[in-house]
There are 2 protein chains.
Amino acid sequence: MRDSKIIDVARKANVSPATVSRVLNGSPLVTGKTKEKVLQVIQELNYTPNAMGKQLRSRKTMTLGVVVTDIGVAYNAEIIKGIENTANGLKYKILICDSQNEKEKELEFLSLLQNRTVDGLILVTPQLTDSEIFSFADEDYSIGIIGRQINHPFIPCCFTDNIRIGREVVQHLMEQGHRRIAYISGYADAPDSIGRQEGYREELESAGLTFIPELTDIGDFDEQGGYEAFKRLWADNQKFTAVFTANDEMALGVYKACAELRISIPESMAVVGVDNIRITNYVEPKISSVEQPLYAMGALLAEKLIDQMNGSVRAEQQLFMLHSTIMAKGSSVKGG
Amino acid sequence: MRDSKIIDVARKANVSPATVSRVLNGSPLVTGKTKEKVLQVIQELNYTPNAMGKQLRSRKTMTLGVVVTDIGVAYNAEIIKGIENTANGLKYKILICDSQNEKEKELEFLSLLQNRTVDGLILVTPQLTDSEIFSFADEDYSIGIIGRQINHPFIPCCFTDNIRIGREVVQHLMEQGHRRIAYISGYADAPDSIGRQEGYREELESAGLTFIPELTDIGDFDEQGGYEAFKRLWADNQKFTAVFTANDEMALGVYKACAELRISIPESMAVVGVDNIRITNYVEPKISSVEQPLYAMGALLAEKLIDQMNGSVRAEQQLFMLHSTIMAKGSSVKGG
DNA sequence: TTGAAAGCGCTAACAG
DNA sequence: CTGTTAGCGCTTTCAA
């Protein structure tokens, strides 16, 4: 069954296509009577406006591209939800790209901006470097980033205050009586690793303690990496009573290492991670962690990007730094 | 900077737009020399074909819509990955809808098929009833379903063999010496609940045991529901030594209930769930579960739907029933 | 092998 | 308030 088009409706209702279009788009300049007639014919013909015709003519797809490194990670899924809900509320749809951490796939997806398949693009902690992203940033292309701060006048960013995360975790551990606190970072060059370590250091020093490089190691953000990093730290025989891992996956690795080494948590070793993933509440003891406002980050950035796309101000770059919340649980509170 | 269009390229290369289009689409009828010239101009002008123009003219968006009830659930994320990868390989893009279990949102998204925003739509265990879906099924609309079998000539379906899941779980539990096995279903009317219970019953009976209705309860597929169902079963004082929950969330609820009731797993109570979610390997003891080929389901259905969309056979309905694998772990194997 | 011309279905100027 | 008309950028007959 061939779809009917605007001209069919127009003819049957004895009006022009323009009038039908006006009715469809809620123009106030149509008489009640005409409008009713048109609406009725639309019903009779079961007419639906063709999106491609509309998009071509209006030069808008009402679609936002979203590039994520892995849709299966709860962190990303929550951000996507925030984006999606906000976008949908503003009549935008979401085109997803799970890049599987491949730069090439991310780059490929960016071309959807050029060919106007999407009106704007949100990158969630992409693999792409700043300069690769810059090469696409243009007066005419709307790009936003979540989970990383980059310095470009047209690119709004939304990220957490990593320094503050580091400070609060250390502060919490010090309140529990710890003085020698280890830090396991993710990838060495990841902003999240660096920022959290910076906060860790600042807080230690502002408490009059010294930052000891030997108490830090690198764990690549995954369970295995955390496991290995902890074992290295432990073997190094630096005494420490608490470890702060830059994410929860690595904290799980620490749990595994402690089990093998017969170190009891939290009695002999306090552990705090970041992200507050679900599993932290199912292991014994529950893992203290820092909860980031992921949904809010997605929602906020989507809103701001859409705003910007729709011509509002672009006077200065929009940077949004959100705060996280520490959730103290059994892994860092004795008798908790 | 205004994008250049096909006519700009044509003029600069001294050819017609038709020729440029031919080059762009790899038509074999273009001279090598002409082709080179055109390609060169395309480079110079940094020309990218406008997707909307192309889509309108060719009546194809190369986009697949995907409706999921919750993108944050690992089950769904894995299916989406299968769909996305396959679709991308065939040059299709993915438009996502997280319906949050709201029928209304699912229905709204279905309209993207009507207005030709997407070429086809995949529903992943939707809330919509069969008849609601049927009202959209049409020679002209391509819809596929994952996780549920529905009976319609144009709608390919991909789902797991739930009866077999039930039989294999019961068989495994019987091998471990259990004779009185309880079953906690999800929503009473969910095909997954029914199929798994059917398999449970069949296997019991084929082993010469009787199906005891008092040993079954309903847990709504979530942790709390599993917790409550187990407590009801236990309070009912029917003796049983094993419980099969229709998914892992409910198994987690059973763990909670057993902890409170001081029933030790697996010594006094064996537990088996379905889905093999990540948490099953982080609780103590690990939860035995049934792993479904989720990625494969997504990939398979995407492929078949795209095939069907591209005019291949539509002789008979395509039904794909995949098999799952039981993963026996500590919760059902003593000393495991 | 290439070009001319006619739309795909819609919206927006401009007239009336 | 409504109609006429001219495209949005592209592909695809049909002719040459």
Side-chain angles (χ1 to χ4, degrees), chain A residues 1-39 41-42 45-63 91 111-119 140, chain B residues 1-39 41-42 45-62 111-119 140:
Chain A
M1 162 200 110
R2 181 114 235 86
D3 298 333
S4 44
K5 352 188 212 179
I6 204 171
I7 185 72
D8 301 324
V9 177
R11 282 207 257 266
K12 185 151 184 192
N14 289 316
V15 296
S16 72
T19 299
V20 178
S21 175
R22 289 190 185 102
V23 172
L24 252 17
N25 295 294
S27 159
L29 327 123
V30 193
T31 312
K33 211 173 53 183
T34 321
K35 185 169 168 182
E36 249 171 62
K37 175 71 183 164
V38 171
L39 253 17
V41 174
I42 287 176
L45 260 39
N46 189 27
Y47 166 76
T48 315
N50 177 295
M52 293 179 251
K54 178 167 185 158
Q55 286 172 20
L56 175 58
R57 176 62 225 222
S58 58
R59 302 168 139 288
K60 278 187 163 195
T61 61
M62 299 305 280
T63 302
K91 305 291 172 212
S111 72
L112 297 183
L113 259 182
Q114 291 182 69
N115 72 26
R116 308 291 174 184
T117 297
V118 298
D119 294 341
D140 223 28
Chain B
M1 161 199 112
R2 182 114 236 84
D3 300 332
S4 45
K5 352 186 211 180
I6 204 169
I7 185 72
D8 301 323
V9 177
R11 282 207 256 266
K12 187 152 182 194
N14 289 315
V15 296
S16 71
T19 298
V20 178
S21 172
R22 289 188 186 106
V23 171
L24 251 18
N25 295 293
S27 159
L29 324 125
V30 192
T31 311
K33 213 173 51 185
T34 321
K35 185 170 167 181
E36 250 171 61
K37 176 72 184 161
V38 171
L39 253 16
V41 174
I42 286 177
L45 260 40
N46 190 24
Y47 165 76
T48 315
N50 177 295
M52 291 178 253
K54 178 167 185 158
Q55 286 171 20
L56 175 58
R57 176 63 225 224
S58 58
R59 303 168 138 289
K60 277 188 165 193
T61 60
M62 298 305 281
S111 71
L112 298 184
L113 258 183
Q114 291 181 70
N115 71 25
R116 307 291 172 182
T117 296
V118 298
D119 294 341
D140 224 27

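All chains are named by letter (A, B, ...) in the order of the sequence lines, taking the proteins before the strands, and each is independently numbered beginning at 1.
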(message) Counting only side-chain nitrogens and oxygens, does B:T34 get under 4.0 Å of the OP1 or OP2 atom of C:dT2?
(response) yes

(message) I'd like to check B:N115 versus A:K54 (side-chain heavy atoms, cut-off strictly below 4.5 Å). Are they in contact?
(response) no

(message) Rounding to an integer number of Å, can you tell me how far A:D8 CG sits from C:dC8 C1'?
(response) 14 Å

(request) Using atom CD of B:E36 as one end and atom C1' of C:dT1 as the other, report the distance to the nearest whole Å. (result) 16 Å

(request) Can you tell me the distance, in whole Å, between the CZ atom of A:R11 and the P atom of C:dG9? (result) 12 Å

(message) Quick check: closest heavy atoms across B:S4 and B:L45, and the distance to 0.1 Å?
(response) OG-O, 3.5 Å

(request) Go along nucleotides 10-16 of chain D 5' to 3' and tag each nucleotide: B for a protein heavy atom under 4.0 Å from its base, S when only backbone or sugar atoms are that close, - otherwise. (result) BBBB---

(request) Look up atom CG in A:D3 and atom CZ in B:R59, then write down how far apart they are to the nearest 0.5 Å. (result) 7.5 Å

(request) Could you pull out all residues at least two apart from B:K12 that satisfy salt bridge (Lys or Arg N to Asp or Glu O under 4.0 Å)? (result) B:E44

(request) Measure from CG on B:L45 to C1' on D:dG9 and round the result to the nearest Å. (result) 15 Å

(request) Take the protein atom CZ of A:R59 and the nucleotide atom P of C:dA13, then report the distance between them rounded to whole Å. (result) 13 Å

(request) Compare every heavy atom of B:Q55 with every heavy atom of B:K60, then report the nearest pair and how far apart it is. (result) O-CG, 3.1 Å

(request) Round to the nearest Å and state the distance from B:D3 atom CG to D:dG9 atom P. (result) 8 Å

(message) If we ignore hydrogens and angles and just use 3.5 Å, is the side chain of A:T61 paired with the main-chain N or O of A:T117 as donor and acceptor?
(response) yes

(request) Pick base, sugar-phosphate or nothing for B:N115, based on heavy-atom distances below 4.0 Å to the nucleic acid. (result) nothing

(message) Output the rounded distance in Å from CD1 (A:I42) to P (C:dC10).
(response) 10 Å

(request) Could you tell me the separation between the CD atom of A:Q55 and the P atom of C:dA12, rounded to a whole number of Å? (result) 14 Å

